[in-house]
Engineer: 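Below is the structure I would like to discuss, written out as structure tokens.
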Amino acid sequence: MSPWLRHVIVSLLLSLCPLGLEGSMAHERRPPMAPSASRYHRRRSSGTRDERYRSDVHTEAVQAALAKHKERKVAVPMPSKRRSLVVQTSMDAYTPPDTSSGSEEEGGQGEGTPTSSQGSISMEHWISRAIHQGSTTSSSSSSTQSGGSNAPSTSPASTSIPQPVTPTLPAMLLNPASLAYVFRKFDSCTNGNICFFPGLCVFVCINTCVSSLGVPVSSRVSAKIQQLVNTLKQPRRPPLREFFVDDFEELLEVQQPDPNQPRPEGSQMVAIRGEPLGVVTNWPPSLEAALQRWGTISPKAPCLTTMDTNGKPLYVLTYGKLWSRSIKVAYNILHKLGTKQEPMVRPGDRVALVFPNNDPAAFMVAFYGCLLAEVVPVPIEVPLTRKDAGSQQIGFLLGSCGVTVALTSDACHKGLPKGPTGEIPQFKGWPKLLWFVTESKHLSKPPRDWFPHIKDANNDTAYIEYKTCKDGSVLGVTVTRIALLTHCQALTQSCGYTEAEIIVNVLDFKKDVGLWHGILTSVMNMMHVISIPYSLMKVNPLSWIQKVCQYKGKVACVKSRDMHWALVAHRDQRDVNLNSLRMLVVADGSNPWSISSCDAFLNVFQSKGLRPEVICPCASSAEALTVAIRRPTDDSNQPPGRGVLSMQGLSYSVIRVDSEERLSVLTVQDVGTVMPGALMCVVKPEGVPQLCRTDEIGELCVCSIATGMSYYGLSGMTKNTFEVFPMTSSGAPISEYPFTRTGLLGFIGPGGLVFVSGKMDGLMVVSGRRHNADDIVATALAVEPMKFVYRGRIAVFSVTVLHDERIVVVAEQRPDSTEEDSFQWMSRVLQAIDSIHNVGVFCLALVPANTLPKTPLGGIHLSETKQLFLEGSLHPCNVLMCPHTCVTNLPKPRQKQPEIGPASVMVGNLVSGKRIAQVSGRDLGQIEDNDQARKVCFLFLSEVLQWRAQTTPDHVLFTLLSSRGTVLSSLTCLQLHKRAEKIAAMLIERGHLQDGDHVALVYPPGIDLVAAFYGCLYAGCVPITVRPPHPQNIATTLPTVKMIVEVSRSACVMTSQVISKLLKSKEASAAVDVRSWPPVLDTDDLPKKKPPQLYKPSNPDTLAYLDFSVSTTGMLAGVKMSHTATSAFCRSIKLQCELYPSREVAICLDPYCGLGFVLWCLCSVYSGHQSILIPPSELEVNPALWLLAVSQFRVRDTFCSYSVMELCTKGLGLQTESLKSRGLDLSRVRTCVVVAEERPRIALTQSFSKLFKDLGLHPRAVSTSFGCRVNLAICLQGTSGPDPTTVYVDMRALRHDRVRLVERGSPHSLPLMESGKILPGVRIIIANPETKGPLGDSHLGEIWVHCTHNGSGYFTVYGDEALQSDHFNSHLSFGDTQTIWARTGYLGFLRRTELTDASGERHDALYVVGALDEAMELRGMRYHPIDIETSVIRTHKSIMECAVFPWTNLLVVVVELEGSEQEALDLVPLVTNAVLEEHYLIVGVVVVVDIGVIPINSRGEKQRMHLRDGFLADQLDPIYVAYNM
């Protein structure tokens, strides 16, 4: 990207408003004032649109809040998504989104867009401002960039790109989504080429450059990261306070109470009593008695009319039919199930009622049949599939209630899922049920003398209503017969019900308000119910209004959703007259945002005969039944109650009346007064049920006969909910009778009006402040929702992450909205919620349409949605995480202590009884060695080989195996000696090489490599082993070969004929300059003669060979190995592993560097044992090759790498039985050592041991070694000595460089395995990497090593002396300052164990924790990538591999996805949560890639720095990149 364009973009992004900057929204403290009645009683206006919208806090407030952000759109980098993941790509017809923020009406009408002239004026004004702000620099930088001579030429790749319709530059600058689009398009061009865009004339040169902030920017990715960094630099609310904290204890930030937070100031509230429940002479003694009366004296009176999906009357149930059919059902339940002696159902038993929502008549008959039979009905939803949302919990309820019989209708029974034999399967979690159809034609007629016993209402259970809790569990609320009757009486009195009134019911008749009004109270008063099924409402939302008109309905029971739908559809309807309606019961009137539906509905239908006083919101709960209801009055002058409350106050549970002009206010309407015969109070939601103050929000509690009695079978929960005794501040109970908690939050206002501000189930406590899920939903909906998401398809819930609740918003995205539109909407929702509620959203996810789990009536199943989110099964198509904004309780950053002097350290260690962490292996000089060769005391390996060729010429030293396990070739001592002589002769004759010249050996793993090495020693040359290029991947592997050859200053390259041709091939010339190779000698055709004399080095400290390798951080370094070091190294390994000529050792390692090279090429010649060589690449063809060879040759000692072990574990996991049958036996294996330069991978070694235990492998045989650049082997598990030990350390202490041992399984424990026994001749000390002082054994520090087989230094073409002296010749800053130590660059610690070693001393174990280069300094603490990666891999089954690295103080997590790309976005929240919970770190970027993208070297170690470079250069082709805010 050209600096000019970047400058304009960066300056724009910096000028954009950060998330959560609206500090001005915090409310100032108000003087104490009691909420006055006049402020509550706002007259409902019938007038203008403007007035009407005063009541709708959200749409108006949200638009006003967003208007503040209108020009300064939030600088959120848009996620990068692979094309296949985009829901619908409409880039070809892309136009910038409409910049208007006109308020969008609830009904969706009036979605006005400004005229083009208005739009263009505001846009031009904005652009000119943006351009002028950065014009001076942009002009100067563009003039230098646009020189024609510097412009690269156009390549065919770039010109063939399809040309989309692209917005002009100003429009792009206006819109971050467009910026992302530009970046995406740049991405499709090849590096350094010009891209042409219509209307956008910019030269784009994607090379590594530096941004204006001094950060290297090489691509679209790094530009986005810079954008993220800029955004995160902005202050956030509340600011993190910096505390000094002891190095050790990581204290999580405790949320301090805000000194300015509002506190309740009113007096203690007094319980409010409802009007007395009137005694009416003709009220029946029970509901069954009422049914008997109407069924016998008015059998023809209509009871219930059902509708079909066309809105035509389907069936009229009269009171006579209801009575006779109910008797029939009662008789059959009691007498026709089971046998006469053993009936299945007895009075008092529970039975399930399973009826669909379109069949209220069958439900009504079954319900009253149960009441007459004195059986307890449990109405539930129809299970449509075996995996319905929440169905399992319903099953648990049925099981706990002891339900064995389910009553259902014929149609429903036929529609249930059936097994292959036609029986209904047992649903998941359900008890075994007998399905009983209640249609009359299937039932026996009761005998004439049988009649149900009709008693007066008593305390027996009448029915059980199910209730779904916040966590998804289902409880059964028991309602007694007396409570049922009293509730019907209270409703009759409140609503003024009279005989034969017509009531239109849209609600679910199986529970709640729909059941109470439409099934129970209606029968008590002989009313006629017109039931509107949900399926009809979906087809015709106006159907309920049409039925009110058609039947002259007096009462209608609806939800605000039904009013909203009617508003949307009413335009087509002409002849609507709602004159007859005297009461419109709004069942969810307690929902704070139902007020806007009520107001909008009244505004539209007042002209059609609807009177304002008819609208009657009510509040109800499963536990307390109807809590309060507004009474229908004839006095239209008495206005309903209104409260305009400060959202800030509400979040502290304090009532503060505010002005409607403020943005963050909530307007609530009253839900009428307390029910007749009830007593109501408000108590604190948590802890002791103490009365609230008059200006405090609390939980409403009711004392009445007409409430639920218990949660069935749960006595503890029942006591907490149904047996509550509210207390005054002095601790005295206010009544001798128990109250029931309603689960509703609210307060009692002036005139005894009840106001509900939320539900306990929807309460989210974030940082000590309370927020209601419904309020957040309303705010999200007010952000132009109809274009991008479905109304009513939004779920808001909280998840606990890092000891606090975090808000998650999930919505269904419309299929026709573009990625950019949706992302824009998401960022606006974040701004709106932040501005209005003063709280950050942790995660906002959009899922494809129709994918959220539904409740039976079509709403969102909240707990199931939350469960899917937590499991990573939600499959969102867009995710925006904002942990940086939300998480403000992180541990305090560690502050470095002032330097402590050496004396203090020594004294401190003495006082605390800690020893200095140092240890030595056995002394090489004092160990008796019986080998004749040692007595001759050769210093040089070339001399050892000559001696062996004379004394044991036919002894086999090397055997190479093929992929089939057959011997491919072998070398005896004499054969190797003669072959080496010929190679030496060729080097001198053909290569014209001198003593000390460097030779690159480019061979595949095998015997040629060994012979070439000794040939070099015989000729006095210095060999460098180099891995050959991969023939299928020359472009990436050949440059590394070329680089090593050049950096090592090789005078010639020795190789095989095949590779020699490859180095000069056409493919090779495309990757490197083939003309600049030094002479290439092919050793397949050797001269017959031997050299005149073999070279003997004059000084044992001269160079024997160079060990070149690439570290995990991507550093290529060659280490100089002298003849002294090489011989000492071989001797040390020989003694540790007890290697003698009679031994056979199997080696499955790469032979190019480190211990792998020494074992492959050197040890056999020195010790005389036979090495069985197995090239690791052959295991890809035959994974069992290595283990079969170990078994076949009866090997006792074997060496492998982690990648080999992993290949065997994964590839042979299911084949152990077949391998056993093939005779594979590992019982002779004494040591199986993993050669590594990293922390031991315990999980892998343990699973390998367990897997092959059945094949005879002893668990103690498996161990690890440890080596590094400066010393190729420091530890190696020998044959004698104690088993490797494992300790558990506290991971939090480790971040502070402290070692604290803990018990296995304790929180934050990390298992660490000893890296093998310390080799003879090796001394180790643990030193502080910064101060270079020795450390005690309770500290984590750098491992320093003193040893004869240390490398002599780095061989670099640039000769960086400072680097060399630091790594190979370091001195302690105090203590033993004379010894020369080599710094390994690895962090670890020493521990004295309880075990004793061969010498009888207590054994000291070395534990390697990780590489210093790879450790990440974040928040002042030291993190090791492997620990974070382990946490991430555990989060989801689809994460195959993970790598992390830091970039500009952001943590980047790359995960490999095994599974469908649709799962990619599920991983983002899971990864973010896991790292926060376990490591207290916020992930900055989550990158989801395909399997195999994370680079791994030959030792099986992750190349994290290569991965980082590839990510920043945009070369990973990620499936998804999420930038966490």
Side-chain angles (χ1 to χ4, degrees), residues 909 913-923 1132-1133 1135-1137 1155 1231-1246 1249 1258-1268 1271 1273-1291 1293-1294 1297-1304 1309-1327 1334-1347 1381 1384 1386-1411 1424 1426-1427:
N909 283 326
K914 295 193 180 84
R915 61 195 193 96
I916 292 293
Q918 58 181 341
V919 65
S920 302
R922 293 179 294 166
D923 189 344
S1132 190
I1133 289 173
L1135 294 168
Q1136 189 83 333
C1137 300
L1155 184 55
T1231 59
C1232 169
V1233 180
V1234 187
V1235 172
E1237 293 187 15
E1238 59 178 304
R1239 178 199 299 182
R1241 301 188 200 172
I1242 297 190
L1244 180 57
T1245 53
Q1246 284 179 347
S1249 303
H1258 198 284
R1260 60 171 287 184
V1262 180
S1263 63
T1264 65
S1265 72
F1266 171 65
C1268 61
N1271 186 313
I1274 295 168
C1275 305
L1276 179 64
Q1277 187 69 26
T1279 47
S1280 59
D1283 293 347
T1285 54
T1286 298
V1287 294
Y1288 292 84
V1289 298
D1290 186 329
M1291 208 186 301
L1294 218 52
D1297 294 342
R1298 297 279 198 278
V1299 179
R1300 181 168 66 179
L1301 297 191
V1302 292
E1303 291 299 315
R1304 177 182 179 177
S1309 64
L1310 172 72
L1312 291 172
M1313 188 164 91
E1314 181 186 353
S1315 290
K1317 301 294 164 286
I1318 290 155
L1319 281 168
V1322 173
R1323 268 180 73 197
I1324 288 174
I1325 194 162
I1326 304 296
L1335 291 172
D1337 59 6
S1338 64
H1339 282 64
L1340 180 72
E1342 187 179 8
I1343 302 163
W1344 286 18
V1345 59
H1346 171 79
C1347 167
W1381 299 90
T1384 63
Y1386 281 82
L1387 295 167
F1389 61 93
L1390 291 167
R1391 273 284 150 166
R1392 177 151 281 183
T1393 65
E1394 298 302 316
L1395 306 168
T1396 52
D1397 55 24
S1399 62
E1401 297 287 317
R1402 272 178 69 192
H1403 167 64
D1404 289 300
L1406 172 69
Y1407 299 93
V1408 177
V1409 174
H1424 298 276
I1426 184 68
D1427 298 327

Engineer: Starting at CG of Asp1337, measure out to CD1 of Ile916 and round the result to the nearest 0.5 Å.
Structural biologist: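 One gets 9.0 Å once the value is rounded to the nearest 0.5 Å.
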Engineer: Sequence neighbours excluded, which residues qualify as side chain to side chain donor-acceptor pair (under 3.5 Å) partners of Thr1231?
Structural biologist: Asp1197
Engineer: Would you indicate whether the side-chain heavy atoms of Ile1318 and Ile1324 approach each other to under 4.5 Å?
Structural biologist: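 SC-SC contact between Ile1324 and Ile1318 confirmed.
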Engineer: Would a 4.5 Å heavy-atom cut-off, applied to side chains only, mark Ile1426 and Arg1239 as touching?
Structural biologist: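 Answer yes - side chains close enough.
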Engineer: So, taking the atom named CD in Glu1314 and the one named SG in Cys1275, what distance separates them when rounded to the nearest 0.5 Å?
Structural biologist: 7.5 Å
Engineer: Please list, chain by chain and in numerical order, all residues satisfying side chain to side chain contact (heavy atoms under 4.5 Å, CB included) with Gln1277, sequence neighbours excluded.
Structural biologist: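 Scan of Gln1277 (side chain to side chain contact (heavy atoms under 4.5 Å, CB included), adjacent residues dropped) gives Ser1263, Pro1284, Lys1317.
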Engineer: Does the side chain of Phe1389 reach to within under 4.5 Å of the side chain of Leu1335, using non-hydrogen atoms?
Structural biologist: no
Engineer: So do His1424 and Met1291 actually touch side chain to side chain, heavy atoms under 4.5 Å?
Structural biologist: no
Engineer: Quick one: does Thr1245's side chain get under 4.5 Å of Met1313's, heavy atoms only?
Structural biologist: yes
Engineer: In chain order, what residues pass the side chain to side chain contact (heavy atoms under 4.5 Å, CB included) check against Arg1323, with sequence neighbours excluded?
Structural biologist: Gln918, Ser920, His1346, Asp1376, Thr1379, Trp1381
Engineer: Is any side-chain heavy atom of Arg922 less than 4.5 Å from a side-chain heavy atom of Gln1136?
Structural biologist: yes
Engineer: Please check this pair: side chain of Tyr1386 against backbone of Glu1237, looking for a donor-acceptor N/O pair closer than 3.5 Å.
Structural biologist: yes
Engineer: Measuring only between side-chain heavy atoms, which start at C-beta, is Ile1326 closer than 4.5 Å to Leu1340?
Structural biologist: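 Not touching, per the 4.5 Å side-chain cut-off.
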Engineer: Quick check: closest heavy atoms across Val1408 and Ser1315, and the distance to 0.1 Å?
Structural biologist: CG2-OG, 3.4 Å
Engineer: I'd like to know if the side chain of Thr1384 and the backbone of Ile1343 have a donor-acceptor N/O pair within less than 3.5 Å.
Structural biologist: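 It does hold such a pair.
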Engineer: Could you report the tightest heavy-atom contact between Thr1393 and Ala1405, atom names first, then the distance?
Structural biologist: CG2-CB, 3.9 Å
Engineer: Quick check for you: to the nearest 0.5 Å, what is the distance between Ser1309 atom OG and Leu1301 atom CG?
Structural biologist: 11.5 Å
Engineer: Taking all heavy atoms of Asn1271 and all of Val1345, pick out the closest pair and write down the distance.
Structural biologist: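 Heavy atoms of Asn1271 and Val1345 come nearest at ND2-CG2, 3.8 Å.
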Engineer: I'd like to check the side chain to side chain donor-acceptor pair (under 3.5 Å) partners of Tyr1407; sequence neighbours left out, ordered by chain and number.
Structural biologist: Thr1285
Engineer: For Ser1265 and Leu1155: C-alpha separation, side-chain torsions, deciding distance, then whether side chain to side chain contact (heavy atoms under 4.5 Å, CB included) applies.
Structural biologist: CA-CA 9 Å; Ser1265 72; Leu1155 184 55; 3.8 Å; yes
Engineer: Taking side chain to side chain contact (heavy atoms under 4.5 Å, CB included) as the definition, give me every residue that meets it alongside Ser1132, ordered by chain and number, with sequence neighbours left out.
Structural biologist: Leu1319, Pro1320, His1349
Engineer: On a heavy-atom basis, which atom in Leu1276 and which in Val1233 lie closest, and how many Å separate them?
Structural biologist: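 In this case the closest contact between Leu1276 and Val1233 is CD1-CG1, 3.4 Å.
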Engineer: Once side chain to side chain donor-acceptor pair (under 3.5 Å) is applied, do any residues pair with Glu1238, and if so which ones, sequence neighbours excluded?
Structural biologist: Arg1241
Engineer: Report the residues that fulfil side chain to side chain contact (heavy atoms under 4.5 Å, CB included) with Pro1259, sequence neighbours left out, ordered by chain and then residue number.
Structural biologist: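 Testing Pro1259 for side chain to side chain contact (heavy atoms under 4.5 Å, CB included), a comparison that skips the adjacent residues, returns none.
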Engineer: Do you know which of Asp1427, Leu1294, Val1299 makes side-chain contact (heavy atoms from CB on, under 4.5 Å) with Val1409?
Structural biologist: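 Checked Asp1427, Leu1294, Val1299 against Val1409; only one passes side-chain contact (heavy atoms from CB on, under 4.5 Å): Leu1294.
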Engineer: May I have all residue pairs that pass salt bridge (charged side-chain N to carboxylate O under 4.0 Å, His left out) and include part of residues 1278-1288, sequence neighbours excluded?
Structural biologist: Arg1260-Asp1283
